[in-house]
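Worksheet: the structure to be examined is printed underneath.
Labels below follow one simple rule: chain letters A, B, ... track the order of the sequence lines, proteins then strands, and each chain is numbered from 1.
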Amino acid sequence: MVRAGSIARRLLALVPLLAALWPAGAHATVLPEDRADILWHRYSGGGVTIQGPSILVRKGFAERVSVEVNWYEDMVSSASVDVMTTASPYKETRKQWSVGADYVRGKTTYSLGYTNSDEPDYTADTAYASISQDLFGDLTTITLGYQRGWNVVGKRGDPTFAPRTDTRNYSLGLSQIITKNLIIGASYEAITDEGFLNNPYRSVRYVDPTSGTGFSFQAEVYPRTHTSNAAAIRARYHLPFRAAVYGEYRFFTDTWKVHAHTAQIGYTYPWKDDWLFDVNYRFYKQTQADFYSDLFPRADFANFLARDKELSTFHSNAIGMEASYLFLKKDWHFIKKGSVNLHWDIMKFDYDNFRNIPAGGPPGEEPLYSFTANVTQLYFSFWF
Amino acid sequence: MLLKNGSRTSWLRGLVAGLLLAAAAIAGGSASKPAPNFTLANRAGGQMSLAKLKGQVVMINFWASWCGPCRQEMPLLDQMYKKYKPLGFTLVGVNVEPDSTDAEGYLRKTPVTYPILLDKENKVSSLYEVSAMPSSVIVDRKGRVRYVHHGYKPGDENEFLNQIRTLVKE
Amino acid sequence: MRSLRALLLLALAAGSVACSHVEPWVKPYERDRLADPIMSWGRDPVSIAYLSHVRDAREGARGASGAAGGGCGCN
């Protein structure tokens with residue numbers, strides 16, 4: 001397992017070289033487009049409904065700087081299997097705002113950003129910085145990124161409970177144009193967290209003959225550090241007619257012994273001048289963290305105990321569909337283009353070693369849990 | 001930094017060597033070479049060749065409808081064309097798209113008055129070694145390439161005007 | 001490790017000299033298809049960010065999902 005800190009040193013060592021070796025000149029990268037997006041999102045599945053807005057505005061200044069601001073909310077109504085097992089349904093809202101800026105100098109883009117996320121029992125502050133460099137006749141783009149997070153975990157009903165977690169992300173990305181029709185990308189990201197990494201409300205269960213149900217609960221115990229590595233490759237290919245196919249594969253591994261494979265393929269199809277359709281299929285498979293168990297043989301079985309289904313062995317299949325209509329093609333006041341978009345993703349999660357306790361049955365023999373989630377998004381995009 | 005004392009020297013050595021090598025790779029200045037002749041189909045009909053424009057100051061602008069900065073500069077180029085045409089200046093827009101449907105659509109919405117030539121096989125683009133979109137090549141009355149511009153940023157049109165004014169006086 | 005780092009820096013520096021002379025095999029005027037929004041990595045940034053969040057919240061894996069580059073290569 002490569003230590004994230006030494007990765008950081010190696011990646012950061014490349015930064016001054018990239019920044020200094022290509023002087024600004026007549027050639028320059030183009031800033032991202034000015035735009036505004038107003039989105040309403042809704043997730044419904046497994047007894048949980050989360051919906052809310054996401055609004056983004058991006059504006060460029062003096063052809064050098066582009067600033068974006070985003071407001072996002074999750075209004076949660078939760079009666080999930082975890083909640084139904086050991087707690088009661090709840091409602092809460094998470095609010096998040098972010099601001100970011102991109103500065104272009106020659107073939108280099110410097111980016112900075114900050115996000116604050118706030119909910120009744122968790123606050124997260126994140127800051128990121130990245131450098132992107134176009135090379136080799138603009139056929140290659142290399143990106144180096146660094147992100148730092150400071151989070152405070154809370155617990156309803158206990159104002160003195162406020163442990164922290166710190167997160168560091170290091171990322172390296174490469175985008176390469178291969179032919180007039182084909183572009184490929186590769187990315188690597190190392191993430192390390194330290195602090196109070198579990199959920200203060202979640203419990204694990206263990207076999208307990210003295211209990212009426214045959215099992216009892218105790219609080220989950222996680223390690224205080226977590227380091228992960230993910231590497232992905234992706235490609236987009238323009239077909240002989242106006243359409244594109246794309247694919248992606250990601251491999252993930254971490255210090256908790258979770259291994260995951262993600263694969264996605266998709267097809268983008270514009271129709272007439274105004275319509276755009278996209279269909280895609282995504283497969284995800286992971287194997288459990290080494291301290292995970294649905295049912296431990298006894299209390300205090302190990303130093304670390306988890307029964308979070310996110311750390312179990314499971315797989316998911318998802319289909320995504322998108323329809324987009326360009327309803328505004330001519331200039332209207334300061335708006336140049338406008339589209340209305342609908343996304344629908346259906347995700348099925350099948351757990352191989354997480355059981356559905358509320359469904360009933362002898363301990364350890366309850367049916368394996370599975371659920372389907374419908375994720376919908378409706379949004380308007382405007383370019384100006 | 002985060003490095004141990006011993007590794008600092010090899011890090012510095014590598015960086016200095018790198019900087020020296022980069023400094024040695026500074027691009028040379030532009031030379032006054034004769035502008036290669038070409039003949040292309042004119043969007044308005046017929047053909048146009050560069051040789052026929054000798055005696056005038058010619059600005060050859062390579063553009064495409066899919067290129068944002070190209071679309072940005074075209075109205076300004078049109079203004080320049082209208083202003084300096086009586087003084088012996090002409091502007092020629094060379095469209096580099098193999099299929100001119102999108103270019104036609106764009107020009108219907110945002111027309112320009114200067115001639116548009118179609119370089120569907122990219123013969124002229126490779127002849128002029130176009131290395132950025134858009135690119136503008138300014139040729140003097142004797143048919144020599146005097147200025148080459150790669151890319152467009154708002155404010156570049158002032159440079160164009162200065163260079164055209166200089167050449168028109170020759 | 002130290003000599004490897006110095007070698008990497010030198011290779012990158014040499015590459016910087018070479019890159020100014022590498023002729024791109026896809027010319028700037030041949031990038032019409034790559035400039036098409038359907039070939040963009042991030043056509044709908046708000047939607048991509050949201051789906052990424054939905055997945056990260058329910059899966060154990062995280063990271064390596066971003067991409068930058070491609071496009072028209074103008075200027």
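One distance of note links OH of C/Tyr29 with OG of B/Ser131; it measures 10.0 Å at 0.5 Å rounding. How far NZ of C/Lys27 is from CE of B/Met133: 13.5 Å, rounded to the nearest 0.5 Å. Taking CH2 of B/Trp66 as the start and CZ of C/Arg31 as the end, the distance is 7.5 Å to the nearest 0.5 Å. Between C/Asn75 atom CG and B/Cys67 atom SG the span is 7.0 Å, to the nearest 0.5 Å. Separation of atoms NE2 (B/His150) and SG (C/Cys74) is listed at 14.5 Å; rounding is to 0.5 Å.
Between chain C and the residues B/Pro134, B/Ser135, B/Ser125, the most heavy-atom pairs under 4.5 angstrom are made by B/Ser125.
Between C/Asp32 and B/Ser65 the shortest side-chain heavy-atom distance does not fall below 4.5 Å.
In this structure, chain C has heavy atoms under 4.5 Å from both the backbone and the side chain of B/Ser126.
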